[in-house]
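Notes for the one structure printed next.
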Amino acid sequence: AQKVTQAQTEISVVEKEDVTLDCVYETRDTTYYLFWYKQPPSGELVFLIRRNSFDEQNEISGRYSWNFQKSTSSFNFTITASQVVDSAVYFCALSDYNAGGTSYGKLTFGQGTILTVHP
Amino acid sequence: DAGVTQSPTHLIKTRGQQVTLRCSPKSGHDTVSWYQQALGQGPQFIFQYYEEEERQRGNFPDRFSGHQFPNYSSELNVNALLLGDSALYLCASTNYLGQSQETQYFGPGTRLLVL
């Protein structure tokens with residue numbers, strides 16, 4: 001069974017600080033995708049980044065960067081120079097690949113990390 | 001480019017009643033998934049529909065059923081409501097065989113309160 005663990009329940013930072021959100025996952029699949037979603041108070045889950053299981057190259061997109069390490073099953077997410085608008089709940093998620101199929105199925109989410117950025 | 005839409009935004013029901021939630025996928029998407037998010041928890045997968053058929057199902061009882069229409073929109077039905085069904089219900093869409101098929105885009109959700 002797939003499992004995603006976000007050990008940090010809440011993080012509080014002051015604006016302009018860098019913040020890293022941790023994610024550890026478990027899967028028996030060899031093909032999978034990892035995601036980070038943001039959920040503001042409105043409730044809608046906003047897609048941020050994705051990484052497939054075959055590409056461990058870490059990237060930077062604007063103020064977002066991520067560190068994918070297959071050897072430790074970790075997919076950490078960093079926000080550089082945090083802003084008050086970054087305050088939200090952040091979810092790490094893992095997708096499975098439908099056995100025998102050609103599409104990705106359900107997402108398995110972690111419990112979420114509440115990020116509060118103070119001015 | 002229209003995103004995923006859901007209706008209604010809020011709903012209050014009593015135990016034992018039945019409820020229907022609706023979802024229209026993002027333009028160009030043909031696959032719809034439903035998730036239940038209890039307060040303070042991550043979303044839990046209910047099921048996924050493609051070509052008007054249920055393709056995959058999570059660990060939810062038969063009280064939860066769904067439907068997908070030819071225009072790709074979808075309904076989630078919950079019968080015999082329990083207090084524990086109170087949650088935010090999220091709909092997500094993707095393109096089954098298309099580019100970026102692995103990424104699901106979510107709607108704003110329907111908040112269901114069962115009294």
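Here is how names work: the chains are called A, B, and so on, in the same order as the sequence lines, proteins then strands, and each is numbered from 1.
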*Which bit of Gln44(B) is near chain A, if near means a heavy-atom gap under 4.5 Å: side chain, backbone, both or neither?*
neither
*Toward chain B, the part of Gln39(A) with a non-hydrogen atom under 4.5 Å*: side chain
*More than 12 foreign heavy atoms under 6.0 Å from NZ of Lys16(A): is that the case here?*
no
*Counting N and O atoms only, with roles assigned by atom type, does the side chain of Tyr35(B) sit under 3.5 Å from a partner on the main chain of Leu107(A), one being a donor and the other an acceptor?*
yes
*Please indicate whether Arg63(A) has more than 12 foreign heavy atoms, meaning atoms of other residues, nucleotides or ligands, lying under 6.0 Å from its CZ.*
yes
_Please check if the number of heavy atoms outside Asn71(B) that lie under 6.0 Å from its CG is greater than 12._
yes
*asked:* Using a 6.0 Å cut-off, check whether atom CG of Leu115(B) has over 12 heavy atoms from anything other than its own residue.
replied: yes
*Of all the heavy-atom pairs spanning Pro43(B) and Phe91(A), show the shortest one and how long it is.*
CD-CE2, 4.0 Å
*asked:* Are there over 12 heavy-atom neighbours, none belonging to Tyr72(B), within less than 6.0 Å of that residue's OH?
replied: no
*OG1 of Thr103(B) to CD1 of Ile49(A): how many Å apart, nearest 0.5 Å?*
11.0 Å
_Gln56(B) (side chain) donor-acceptor with Lys106(A) (main chain) under 3.5 angstrom_ = yes
*Does the side-chain contact (heavy atoms from CB on, under 4.5 Å) test come out yes or no for Thr108(A) and Phe45(B), once each step is laid out?*
CA-CA 7 Å; Thr108(A) 299; Phe45(B) 176 77; over 6 Å; no
*Please answer: with hydrophobic residues joined when any side-chain heavy atoms are less than 4.5 Å apart, are Leu115(A) and Val4(A) in the same cluster?*
yes
*Quick one: which residue pairs count as a disulfide bond (SG atoms under 2.5 Å apart) with a foot in residues 18-65 of chain A, not counting sequence neighbours?*
Cys23(A)-Cys92(A)
_Side chain / backbone / both / neither for Arg57(B) at chain A, heavy atoms under 4.5 Å_ = neither
*How long is the span from the CG atom in Leu45(A) to the CD atom in Gln37(B), to the nearest 0.5 Å?*
6.0 Å
*Run the ring-centre check on Phe106(B) versus Tyr37(A) and record whether the distance is less than 6.0 Å.*
yes
